[in-house]
Amino acid sequence: MRKKISVLAGDGIGPEVTKQALKVLRAVERAYGHEFEFQEGLVGAAAIDETGDPFPRETEELCLKADAILFGAIGHPKYDNDPNAKVRPEQGLLAMRKKLGLFSNVRPVKSYRAISHISPLKPEIVENADFVVFRELTGGIYFGEPRGRSENGKTAYDTCIYTKDEILRITKLAFEAAAKRRKCVTLVDKANVLATSRLWRETVQEYGRQFPDIKLDYMYIDSAAMKLIQNPGYFDVVLTENMFGDILTDAASVITGSLGMLPSASMGEKVALFEPIHGSYPEVAGKLRANPIGAILSAAMMLNYAFNMVTESNAIKAAVDKSLQEGFVTEDINYDDPKSTEEVGDRIATLVWRGKKEPAAR
Ligand code: IPM
Ligand code: MN
């Protein structure tokens, strides 16, 4: 197959981890006879520096012409401590989500036996974790209007707003996923306090009636946060709104032991986007210390979800598994004997190639 991929490496560690994902995609290309065309675009602080806009028009056009988007990370410390900055890199991310209609953010969380000892939770609790969060991505308090400051500057406000249609379209995707998994959807909300949450409950409950074989349950966000730590194995598909999903998935990410491991997919009306859930991690940017597995697994998700290349996607996941078993990992997993970002990328690419050419060698 021939596929055109927009590559938006972004800021901080984005470029170095994305480079490893591309390396692994090149290995897939060679091993399985595909052709991937990578086209780079500017986004985030890098784009502000060059164009003044964190998500420039050219980048948007590039994305709309592509078959999928591979994204690195966004954010730069020079904006973090300046509450008066007129443009912020994060605006690029939000604009991109909105303009590309990426309403459904899918974040799978799965533990790896080989590294369960580095989780802050006990291995026996971590080993059962295998769930996926469907986070609504283009609504809620992130985008609601009005937002801003009063004239005297002493009051600020944001608006959390949802329509039934916005809720329904991601609910459908969550149920579809549950049907292929352990058939349980947990809606996470704050329906004891928020009107938007009550609309979520009503809408999801109504929709769920069509699927009697899928168990639907409800959990308040505070209680879900607790359950996630106590018994992550409880969850199968978690469905939730934008901000709750943001918070819950950061918490969920450490269950596996490292934030650097987790991929995500954002899907919607047009082209889909794939990105590691970690941020730009400026403290180590350029030092080749960051874990590229989140980015590499995002490429695996891209092959599966956007191109229906299931075998190829599984080959990447198997190679990642193998590299973890070998202990071929970055410092977040093994601080005493770490490999570099490049070395881990090279190793996984080699394992993908070898896995196809010499299946017995795995
Ligand atoms: C994420 C990030 C973003 C979000 C930030 C950078 C705006 O935390 O993708 O989870 O809050 O959505
Ligand atoms: Mn986040």
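In each ligand, atom 1 is the first atom listed, and ligand 1 is the first ligand listed. Quick caveat: nothing in here was measured; it's all calculated off a predicted structure.
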Is there an N/O/S atom in Asp250 that lies less than 2.8 Å from the Mn ion (ligand 2)?
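Not a single backbone or side-chain N, O or S atom of Asp250 is under 2.8 Å from the Mn ion (ligand 2).
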Just checking, is any N or O donor in the side chain of Lys23 or Gln20 under 3.5 Å from an acceptor N or O on the other one?
yes
Tell me whether [X] forms a cation-pi arrangement with [Y], defined as NZ or CZ under 6.0 Å from the six-membered ring centre and within 45 degrees of its axis.
| X | Y | value |
| --- | --- | --- |
| Lys339 | Phe328 | yes |
| Arg135 | Phe244 | no |
| Arg88 | Tyr79 | no |

Any idea which residues sit under 4.0 Å from ligand 1, heavy-atom distances?
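For ligand 1, the residues that come within the 4.0 Å heavy-atom cutoff are Glu90, Leu93, Arg97, Arg107, Arg135, Tyr142, Asp246.
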Shortest-distance N, O or S atom of Asp246 relative to the Mn ion (ligand 2):
OD1
When you measure from the side chain of Thr249 to the backbone N and O of Ala252, does any donor-acceptor pair fall under 3.5 Å?
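Checking the backbone N and O of Ala252 against the side chain of Thr249, no donor-acceptor pair under 3.5 Å is found.
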Parallel, tilted or perpendicular: which describes the rings of Tyr207 and Phe211, with under 30° parallel and over 60° perpendicular?
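Taking Phe211 first and then Tyr207, their aromatic rings sit tilted (interplane angle of 30° to 60°).
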Could you walk me through whether Arg201 and Asp189 pass the salt bridge (charged side-chain N to carboxylate O under 4.0 Å, His left out) check?
CA-CA 8 Å; Arg201 272 204 192 198; Asp189 64 23; 2.7 Å; yes
